[in-house]
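Worksheet: the structure to be examined is printed underneath.
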Amino acid sequence: MLQGKQQKSTTIRKVWVWCQEVDLNSLEGQLSAPRGGPQTFSRPRIQVWLIRLSTSILLWTCLIQLLALCQLWHPHLRGWPPCLDQGDFHVHASAVSDAVNLSSHKSFHVGKFPLPLPRKYKNNGYLLVSCNGGLNQMRAAICDMVAIARHLNLTMVIPDLDKTSFWADPSEFQDIFDVKHFIMSLRDEVRIVKEVPSKYQRRLRQGKVLSMPPVSWSDDSYYINQILPLLKKNKILHFYKTDTRLANSGLPLDMQKLRCRVNYEALQFIPQLEELGTRLVRILQANGPFLVLHLRYEMDMLAFSGCTHGCLETETEKLTQLRYAYPWWKEKIIDSEQKRLDGLCPLTPEEIALVLRALGYSKETQIYIAAGEIYGGHRRMASLHVAYPNIVRKEMLLSPKDLQPFQNHSSQMAALDYLVALQSDTFIPTYDGNMARVVEGHRRYLGFRKTVLLDRKRLIELLDQYDNGTLRWDDFALAVKEAHKDRLGMPTARRVIPEKPKEEDYFYANPQECLP
């Protein structure tokens, strides 16, 4: 197209030169004639005619050249009319790592980079996905499902998010993640659509679609040998319970790298969340370095885990009732104290106050609490506030008007905490849940940012010794520091335990295939 425009421009320039070289006297003589003959033109009228013609040609030439320049530069222009196609991009891991720094959070959205060419492949069917769990559990599941769809040459439909779990968050995918960015930034890997074609809509409405949960921790051979034949036969398949459905290790390298690409590049939050998260980070940074404490001491976690250390009897009863209210929480009878001694409980607010002091964090440390409502409220948080008066939450830094659009949407509120946790100087989770592990991996990806990975079993031993007076403070502090000198989110090999995937290191906590 550009070559055609250049040819037209060349033709116009030739006409312009010809007009300038015309002998006006000769032309006047040819056009003049006796009365009764052809109409006579005077020289001044010929000059006016030529000037008008020349001006028109010049204007058209400028317009054509301007359009050509627009086509050349339009990927860098934003907010121009629809005639300029919106660009997309394919960002590599190194670009993201370089672009995101402690001083600001930069996201990569459609329009900033050239659009990747769509991958052409024979579609083996449509994959529908219903995620389960909280924000980060669903986030990891989405990454897995994209990798599976790519491996099986499927077309993936935008996932449905969990609306029936403890949080009862009604948010749709597009309420949290940038849908256009998600689709377009992955189009050179897998085709993603907002809904199945009309020819399958009737089957979907009638419930005549094969629906199943994939087998947990499966490798690629399971999907090739067992799932792909079902898709080729039915042309459409619905997966539910999609968390941890891919093995941590032993997968093809391209699958592992695609899991990373989805997680760190394609799953961008909507601009409203990104902008508010950036504002939170700037407010915190204006007051100096800050530590994000993922204090996972909320009602749902305590009920699920059965950890009740320090709870009142009435609080323990409520947690037990909640655990029995959710049939998919399989473990009902739990020995809370033994679980705590095994290091399987989240640290309490009182315990983490002592641990932070032992690690050397001063009273002036600015601490951002990334969590929902702490179970037990002020009673449980009192000792932590005394030890660290500079404790803040997003509700303290932003106005009710700022947070109003996201209220009663736990996943959207969790997204704000996620963005702040990524940019913190130090990240400390009190329990290795989904957010803790996914943020840990993301911080590794962004340059191995400091993440203190607490050895809870060792800490409980030391805390109990300090509480009963058998360990002095200086010895306690020294032992705590010694136990964590090599647990700071530094480069390390992912631990693999054959036949025991739940006990080995989680892929998204240490995506070593994607790290430098």
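Treat the numbers as computed from the prediction; the structure is a model and nothing was measured. No hydrogens, no waters, no symmetry mates; every other heavy atom, side chains included, goes into these values.
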Does [X] pair with [Y] as a salt bridge, N-O distance under 4.0 Å?
X	Y	value
E440	R444	yes
D432	R456	yes
K318	E315	no
E331	R323	no
R296	E298	yes

Which atoms form the tightest heavy-atom contact between [X] and [Y], and what is the distance?
X	Y	answer
T348	H309	CG2-O, 3.8 Å
Y223	R245	OH-O, 2.6 Å
N248	P501	ND2-O, 3.6 Å

So, the side chain of [X] versus the backbone of [Y]: is there a donor-acceptor pair under 3.5 Å, distance only?
X	Y	result
R393	G372	yes
K163	L161	yes
Y388	R357	yes

For the residue pair [Y] / [X], report whether a side-chain donor-acceptor contact shorter than 3.5 Å exists.
X	Y	value
Y326	D300	no
D162	T164	yes
Q137	D243	yes
D417	Y368	yes

Exercise for review: May I have the step-by-step check of side-chain hydrogen bond (donor to acceptor under 3.5 Å, both in side chains) for R261 and S185, ending in yes or no?
Suggested key: CA-CA 10 Å; R261 181 177 169 190; S185 65; 5.8 Å; no

Review point. Is there a side-chain contact between M435 and L135, using heavy atoms and a 4.5 Å cut-off?
Key: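 No, side chains not in contact.
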
Exercise for review: Kindly confirm or rule out an SG-SG distance below 2.5 Å between C514 and C260.
Suggested key: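 In this structure, C514 and C260 share a disulfide.
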
**Study point:** Pairing residues for F173 by the ring-ring contact (aromatic ring centres under 6.0 Å, His included) criterion, not counting sequence neighbours
**Key:**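 If we apply the ring-ring contact (aromatic ring centres under 6.0 Å, His included) test to F173, skipping adjacent residues, the hits are F177, F182.
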
Distance check, rounded to the nearest 0.5 Å: [X] atom [atom1] versus [Y] atom [atom2]?
X	Y	atom1	atom2	value
L295	M301	CG	CE	11.5 Å
L258	E265	CG	CD	10.0 Å
S411	N136	OG	CG	8.5 Å
I183	R191	CD1	CZ	12.5 Å

Review point. How are the rings of H238 and Y240 set relative to one another: parallel (under 30°), tilted (30 to 60°) or perpendicular (over 60°)?
Key: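 Aromatic pair H238/Y240 classed tilted.
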
Using a cut-off of 6.0 Å, state whether more than 12 heavy atoms not belonging to [X] lie near its atom [atom1].
X	atom1	value
K332	NZ	yes
K339	NZ	yes
I333	CD1	no
K363	NZ	no
R472	CZ	no

Is the NZ or CZ atom of [X] both under 6.0 Å from the centre of the six-membered ring of [Y] and within 45° of that ring's axis?
X	Y	answer
R139	F269	yes
R259	F507	yes
R437	Y506	yes

Point to revise | Full working for side chain to side chain contact (heavy atoms under 4.5 Å, CB included) between F427 and R443 | key: CA-CA 9 Å; F427 175 63; R443 287 173 67 85; 3.6 Å; yes

Point to revise | Derivation of the side chain to side chain contact (heavy atoms under 4.5 Å, CB included) call for Y418 and V292 | key: CA-CA 10 Å; Y418 187 97; V292 166; over 6 Å; no

Exercise for review: Just do the side chain to side chain contact (heavy atoms under 4.5 Å, CB included) check on Y508 and D144 with the steps written out, would you?
Suggested key: CA-CA 10 Å; Y508 292 103; D144 289 350; 2.5 Å; yes

Review point. Pick from D486, D505, L515, N510: which one makes a side chain to side chain contact (heavy atoms under 4.5 Å, CB included) with T492?
Key: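 Of the listed residues D486, D505, L515, N510, the side chain to side chain contact (heavy atoms under 4.5 Å, CB included) partner of T492 is N510.
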
Practice item. Please test E504 against R494 for salt bridge (charged side-chain N to carboxylate O under 4.0 Å, His left out), starting from the C-alpha separation and ending with a verdict. Key: CA-CA 8 Å; E504 66 184 13; R494 192 170 60 244; over 6 Å; no

**Study point:** Chi angles and distances behind the side chain to side chain contact (heavy atoms under 4.5 Å, CB included) call for I428, V355
**Key:** CA-CA 11 Å; I428 303 181; V355 170; over 6 Å; no

